[in-house]
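Written out below as C-alpha cells is the structure these notes cover.
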Protein chains: 2
Amino acid sequence: MAKELTLDKLTLAAKTLKVLAHPVRMKIVEFLGDGEQNVSSIQKHIRLQQAVTSQHLKLLLVHNLVNKRREKNFIYYRKNTDIIAGIINCVRDCTPGK
Amino acid sequence: MAKELTLDKLTLAAKTLKVLAHPVRMKIVEFLGDGEQNVSSIQKHIRLQQAVTSQHLKLLLVHNLVNKRREKNFIYYRKNTDIIAGIINCVRDCTPGK
DNA sequence: GGCAAATATAATAATATTTCAATAAAGAAA
DNA sequence: TTTCTTTATTGAAATATTATTATATTTGCC
C-alpha cells in the first residue's frame, strides 16, 4: 500500500496528475465516459477551438491517459482506464491512512 | 454519482486537484500522514528552503487541503481529510464508469 | 521592552503552461 | 491528381506557476 514514495516517484505521479488538473482536460475525460469520441465531437461539445482541443488531446495522449484510433479520417479518442484508475490510486497512495 | 458536471464545477475541481499535482506538495501531504507536523520538520524532511515550504503550505491551506494550529511559536499542519477524500472522489467522478 | 526563534510575506526573476493564428499533414473521395 | 475534410503542428504572445532573496510578523522568554 505504497508506504514510502520517493521524490522521483512523486514527481512522476504529480506530473501525470497535473495533466488531469485542467478544466478542459477534465471535461474531455468526462465527455469520453466509457466510450470514444472523435475530435470534432469533443471540440463541439466543449466549444473550443480546434487547435486548442487538439493540443489538450495530445497532452492526454502523451501521458497515456487516453488512446486514439483512426477510422476513415476521423480520429477517435478513448480513455485509458488503466491509467485513469492508476491516478485514483495515486491520489489515494499519496494520502495514506484514509 | 456526479453524472453531469458543469464547466464551473469542473473548473473548481481542477483547481483543487492542481494544488495536489506538484511533487513538493504531494510530498508534504504524504509526510503529514494522519498526524501533524510543524513547518521546520516539514522543511527538513523535504530539504527545501524555508520560504518555499511556507509558500507551498500556504497554497495547501488556502485551498483547504490542510489545517493549521499554533502551539507556542510552532505551527502545526494537518491534512484536512474531508477535502483529501473529496479529491479522490473528484478524480473518480470526473472519470465516470469505472 | 528587547532579543531570538519560527513562520509568513512581498517583489522579482526564472520557467512552464495555455492560447492564438496560421499552416501543415493525412486520408477520403471525386 | 486535385480537392475537401479532419486533425496536427508550429511559433509567438499572453498568463500562470515556482524559486529566490530579502524583509516582516508573531510569539516566547529574559
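None of these values were measured; they are calculated from a predicted model. All values below were derived from every heavy atom in this structure, side-chain atoms included, with hydrogens, water molecules and symmetry-related copies excluded. Here is the naming used below: chain letters follow the sequence lines, and residue numbers restart at 1 for every chain.
When distances run from any side-chain atom of A/Gln55 to the nucleotides D/dA19, C/dT18, C/dC20, the shortest one goes to C/dC20. Each of C/dC20, C/dA6, C/dA8 was ranked by its minimum atom distance to the side chain of B/Ile75; first place goes to C/dA8. When distances run from any side-chain atom of A/Phe74 to the nucleotides D/dA16, D/dT7, C/dT7, the shortest one goes to D/dT7. Closest to the B/Val52 side chain, of the nucleotides D/dT20, D/dT7, C/dA6, is D/dT20.
In this structure a side-chain-to-backbone donor-acceptor pair under 3.5 Å is missing from A/Arg70 to A/Ile75.
A sub-4.0 Å separation between OP1 or OP2 of D/dT9 and a side-chain N or O of A/Lys58 is present. Dashed line: the shortest gap from a side-chain N or O of B/Gln50 to OP1 or OP2 of C/dT7 is not under 4.0 Å. For the pair B/Lys68 and C/dT7, the criterion of a side-chain N or O lying under 4.0 Å from OP1 or OP2 is not met. The shortest distance between the side-chain N/O atoms of A/His22 and the OP1/OP2 oxygens of C/dT18 is below 4.0 Å. At C/dT17, none of the side-chain N or O atoms of A/His56 fall inside 4.0 Å of OP1 or OP2 (strictly under the cut-off). Taking 4.0 angstrom as the limit, A/Lys72 places a side-chain polar atom (N or O) nearer than this to OP1 or OP2 of C/dA29. Contact check, B/Ser40 against C/dA5: no side-chain N or O comes under 4.0 Å of OP1 or OP2. Side-chain nitrogen and oxygen atoms of B/Arg70 include none within less than 4.0 Å of the OP1 or OP2 phosphate oxygen of C/dA6.
Hydrophobic clustering, with ILVMFWY side chains joined whenever heavy atoms are under 4.5 angstrom apart, keeps B/Leu60 apart from B/Phe74.
Backbone-only contact: A/Val39 has heavy atoms under 4.0 Å from sugar-phosphate atoms and none from a base. B/Lys15 comes within 4.0 angstrom of no nucleic acid atom, judged by non-hydrogen atoms across all strands. Residue A/Tyr77 is classed as a sugar-phosphate contact, given heavy-atom separations below 4.0 Å to backbone atoms only.
Nearest-nucleotide assignment on DNA chain C puts the 5′-proximal partner with B/Ala51, out of A/Leu48 and B/Ala51.
With hydrogens and angles ignored, a donor-acceptor pair under 3.5 angstrom links the side chain of A/Asn73 to the base of D/dT5.
One can place CD of B/Gln49 at 16 Å from C1' of C/dA6, the figure rounded to the nearest angstrom. Distance, A/Lys44 NZ to D/dT6 P: 7 Å, rounded to whole Å. Rounded to a whole Å, the CG atom of A/Leu59 is 17 Å from the C1' atom of D/dT7. Straight-line distance from the NE2 atom of B/His63 to the P atom of D/dT17: 8 Å, rounded to whole Å. Atom pair B/Lys18:NZ and D/dT15:P shows a separation of 15 Å (rounding to whole Å applied). In this structure, B/Ile42 places its CD1 atom 9 Å from P of C/dT7, rounding to the nearest Å. Remark: P of D/dT18 and NZ of B/Lys27 are 18 Å apart, rounded to the nearest angstrom. The interatomic distance linking B/Asn38 (CG) with D/dT27 (P) rounds to 16 Å, in whole Å.
Rounding to the nearest 0.5 angstrom, the gap separating the CD1 atom in A/Ile84 from the CG atom in A/Leu32 is 8.5 Å.
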Exercise. Evaluate the side chain to side chain contact (heavy atoms under 4.5 Å, CB included) criterion for residues B/Ile46 and B/Phe31: first the C-alpha distance (whole Å), next the side-chain angles of each, then the deciding distance (0.1 Å), finally the verdict.
Key: CA-CA 9 Å; B/Ile46 314 187; B/Phe31 181 53; 5.5 Å; no
Practice problem: Could you go through the side chain to side chain contact (heavy atoms under 4.5 Å, CB included) check for B/Glu36 and B/Lys68 one step at a time? | Solution: CA-CA 9 Å; B/Glu36 56 180 18; B/Lys68 76 179 187 183; over 6 Å; no
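Closest approach of B/Ile83 and B/Asn64 over heavy atoms only: CG1-O, 3.0 Å.
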